[in-house]
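Below is one structure, written out as structure tokens; the observations come after it.
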Amino acid sequence: MTPRNAPASFNPPMRFFRPAFGALVLAILLVIGFRGAGPVPPVGGMLDPWRGVWAAASVADLPRRAVEPIPGLTDTVSVVYDDRAVPHVFAASELDAFRALGYVVARDRLFQLELQTRATAGTLTELLGRGALESDRSQRSVGLAWSAEREWAATDSTSRTARAARAYAAGVNAWIEGLSARDLPLEYRLLGARPMRWKPQYTLYLMKRMGYTLAFNTFERQRQRLAMLSGDAAASALFPVHSPIQQPIQPGPGPYPRFDFTPLPAPSLRSLGAAVPGAATGAGEEDAIGSNNWAVSPRRSASGHALLAGDPHLDLTLPSIWYEAHLAAPGALDVYGVTIPGVPGVVIGFNRDVAWSFTNTESDVLDMYLETLDDVANPTVYLLDGTWRPLERRLERYLGPKGEVLSQGTIYYTHRGPVALTGDRPTSLRWLALEAGAGDALLRAQQARNVDEWLRVMESFRTPAQNGIVADRQGTIAIRSTGAFPIRPGDGRGDRMRDGTASQSDWVGFWPLARYPFARNPAQGYLVSANQEPKDPRADPGYLGSNWPSPWRAMRINQLLRADSAVTADAMRRYQTDPGSARADAFVPLLLQLGRRRVQPWAETREPGEAADLNHALGLLERWDRRYTRDNPHAVLFEFAMQEMQSRVWDELLAPGPNGPRRVATPGDAVLLQALHDSVTSWWDDRRTTDVVETREEIVAMSLTAALERARGLYGEPATPDAWRWDRAHRANIYHLLGIPSFSALRLSVQSGPSTISPSSGDGTHGASWRMVVDLGPEVQGFGVYPGGQSGNPASPRYQDRLPRWLNGDLDTLRFPRSSADLGAGRTVATLTLIPEGAP
Amino acid sequence: MTYLRIAVVAAVTVAATILLGWWSVAAVGIVSGLVSPPGRATVLETGGGAALGWAAILAASAVSGPIWVVAQRVGPVFGVPASGFLAIALVFPALLAGSAALVAGELRRFALVAEGLRRAS
């Protein structure tokens, strides 16, 4: 036996092999450590236990006490974090409060700030690499950053908007500059990147981003294809200018809901699957983005105070789009609510006197124009009123993470806006969001002392148009669709492509304020908006938009509020996750009635099993309570039947696609209901079956049995306990901003369905992004929750701590202290003192 | 001597990592290889000490934060479970320091042999 460290006998091959092997291993580890290899990122810095991903653990909790300097502060700012990790900012001035807000938002959500700004600017490639190139191209072609920069350059530097944006930016940058290696958010460590500095104009980028999310609707393209497939009359009927079910926001000549059903024009005789220019797009999905808000007058509330509820439905992400904060500055500001990281101030919330929330108006503020260019591949001029006009050109360069040029391209602009060279003919778009912003309306709304003041300051809000609901402590409630609504020449409609060669096609003005959808203290004692058509066309037939979301949520909320003459804040909370469905209430009786008519004929003409299946499906549907509770055993059958029926009824809207025929667009369920009331319309004939002409009853019966078969195939026999639970068929999915599954909350069981008040459909990635109820008593009391947590650090206990309560439909009591001491030591989890830079 | 060497390497690794960064683990390995008798034990003890050093930093971090949650979140990003990711975080410095010690030790041995040959001639 040889001593462990005794020199071994001389062995030349081993003498060379061992150091060579060691050197190779060392070299490989250093290369992988510094540079990574293939899909493996540089692991050295990442695995470093001090500065690497592990450091995310050490900054998972807020430090109990911290003192930090911020340049530009005029006085010390005290920030106390309550037991829900909400920062309460007590500052000497409004601008100091915004500086502090920028700081605390950056502290919790720095990566989100950068990612959403880059997504808007089309510079994701600089952070994520070549994989983001298509997304960046698409964003730059819309021109959001171009528009934001232009707007910023035109903004008076002494305006409130500019000063607020600069103060906020100073706060964000103070955090970035003081960032230690261990504070760096986890995502930057994984990407091997460093945060960019925040510019004040990025606030405008985010407002543009809101416009893109809420008001970018290029339905004209879809409608053009639809008209080619089925004829213009049919396209207008399937995607109508006015909703076939009326439940308007502005109470009108009711009663409501009113079903304005007329026979659907027959589709044109164009052959099935005929070529339609442009690629087929997927079917639209109702409720993809929407919201609810409602308010109750004191005479219909149990407390005798006005009540207000709001729940915006957006993409659900981790971290959430929202960040909760309380901003206070004596004589200037005392507001609580949710802000969007990047925006100085509270977007939805309440102050000591007033509460407000928004739903998207869904108005049409984007038009597309068919343009004539001198050269489609490399244009220089466009035709307008018989003369060639020069195109504005912008060279766009797409850079990689190391500054290398990945790609470049030119974006062309007419006097209307950017030009798309894709498709069969160039189109330019005029989109209000590129021309106007929110101004300082949101900033001023935070300070309103009553409803009328709030409405007055919101008059200047231009885009994205919102149904702003507001209530005050005096018991006044009101709602107004706030934004700019273009007036078009001719028939006034904006749902069709317009001729770009004539300036006469351009907008001729905007609706006057007096014509905006509006209601104040209505006789019914409550107001409701849920993205439905805001004004009854019998009261005002003017064009605001088309293809409105079916008003199922509005109908259900109206139904609940009508039935409750003593509404409480807790009832409002329950309504926000009510599992009932006006859509199911409208369809199920009809499906049962029509399906039953085929039972006897099927028993006589079809295989015995088919008639039995139809009977079985009808029995199951009849037993359904029309609720989307988690364990509901019948909702899945109804949903499958609706999908089957859509595919059979709207077969005329199929266009060839790369993976087989796809529907160019899917009419709303209100139109499907309209069809169900029309026994003779030729839409019932499934033209894919050439040897038979289907009837309405036949389509309903076939849809029910196909749904039964599909559900059996997926979930087994319905008699098996829990086999058909609704949450087996549908779940919510909240993805991290980068889509990393282990940073996400997936397969969440929710009491929601398509068109319930808290909607969830499709892949479950959107829904109620913030739920708020406010009781406007002598002391305003708010309740709220959002799916996620205040921290953007996936390792933090505050990353998704609110999720269980959101899933249960619970709301947290929102603490609204008058001073930092008022919060109480027991509810204070951390304090942050921000001092002017250079102060002792 | 074994435990002492491991402890010293671990302590130096902790200090070097915090002060200089992850790559300094290789430097610690080289120094260890140069000052210790060449052989398998030095390689193993240097690697073990480096792993122990990083484990100590992780343990200290775990006092103030949820290290295991980080492993659960980040491990799957690279297709490994949390335990696997933690293991990689310890194996990496062990290999880095161990291989550096091996190379340094062998270079030292070559130098000694060359010196011996020179004197013999």
Any side-chain to backbone donor/acceptor pair from [X] onto [Y]? Under 3.5 Å, distance only.
X        : Y        : answer
A:Arg109 : A:Pro319 : no
B:Ser24  : B:Ala16  : yes
A:Thr317 : A:Leu737 : no
A:Asn733 : A:Ala745 : no
A:Arg65  : A:Thr831 : no
A:Arg731 : A:Arg747 : yes

Quick test of your reading of the model: are [X] and [Y] salt-bridged, counting only N-O distances below 4.0 Å?
X        : Y        : answer
A:Asp108 : A:Arg798 : yes
A:Glu68  : A:Arg107 : no
A:Arg84  : A:Asp812 : yes

*Tell me whether the guanidinium CZ or amine NZ of A:Arg194 lies under 6.0 angstrom from the six-membered ring centre of A:Tyr188 and within 45° of its axis.*
no
*Proximity breakdown for B:Leu19 and chain A, heavy-atom pairs closer than 4.5 Å*: backbone
*Contacting region of B:Ala71 [heavy-atom separation from chain A under 4.5 Å]*: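 Backbone plus side chain of B:Ala71, per the 4.5 Å heavy-atom cut-off to chain A.
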Most contacts with chain A, counted as non-hydrogen pairs under 4.5 angstrom, among [options]:
options                              : result
B:Ala100, B:Ser99, B:Gly21, B:Ala104 : B:Ser99
B:Val25, B:Val43, B:Val74            : B:Val74
B:Val70, B:Val103, B:Leu95           : B:Val70
B:Ile88, B:Ile57, B:Val77, B:Val69   : B:Ile57

*Identify which part of A:Leu186 has an atom lying under 4.5 Å from any heavy atom of chain B, answering side chain, backbone, both or neither.*
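Contact with chain B: side chain only.
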Leading residue by heavy atom contact count with chain B [cutoff under 4.5 Å; candidates [options]]:
options                     : result
A:Pro794, A:Ser58, A:Ser796 : A:Pro794
A:Leu29, A:Ile28, A:Leu190  : A:Leu29
A:Ile740, A:Leu24, A:Leu30  : A:Leu30
A:Ala57, A:Ala795, A:Ala23  : A:Ala57

*Any side-chain heavy atom of A:Leu179 within less than 4.5 Å of one from A:Pro195?*
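The answer is yes, as the side chains (C-beta and beyond) meet within the 4.5 Å cut-off.
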*Considering only heavy atoms from C-beta outward, does the side chain of A:Pro341 approach that of A:Val105 to under 4.5 Å?*
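Contact flag for A:Pro341/A:Val105 side chains = yes.
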*Can you name the residues of residues 43-55 of chain A that have some heavy atom under 4.5 Å away from a heavy atom in chain B?*
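Against chain B, the residues of residues 43-55 of chain A that fall inside the cut-off (heavy atoms, under 4.5 Å) are A:Val43, A:Gly44, A:Gly45, A:Met46, A:Leu47, A:Asp48, A:Pro49, A:Trp50, A:Arg51, A:Val53, A:Trp54.
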*asked:* Show the nearest heavy-atom pair for residues A:Leu26 and B:Ala26, with the distance to one decimal.
replied: CD1-CB, 4.2 Å
*Enumerate by number any residue of residues 58-67 of chain B whose heavy atoms lie under 4.5 Å from heavy atoms of chain A; in the absence of such residues, state 'none'.*
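Only B:Leu58, B:Ser61, B:Ser64, B:Gly65, B:Pro66, B:Ile67 of residues 58-67 of chain B have a heavy atom under 4.5 Å from chain A.
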*Hey, can you tell me if A:Tyr103 and A:Trp175 have their rings parallel, tilted or perpendicular (30° and 60° cut-offs)?*
perpendicular
*Anything under 30° is parallel, anything over 60° is perpendicular, the rest tilted; go ahead and classify A:Phe111 against A:His736.*
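Ring orientation of A:Phe111 relative to A:His736: parallel.
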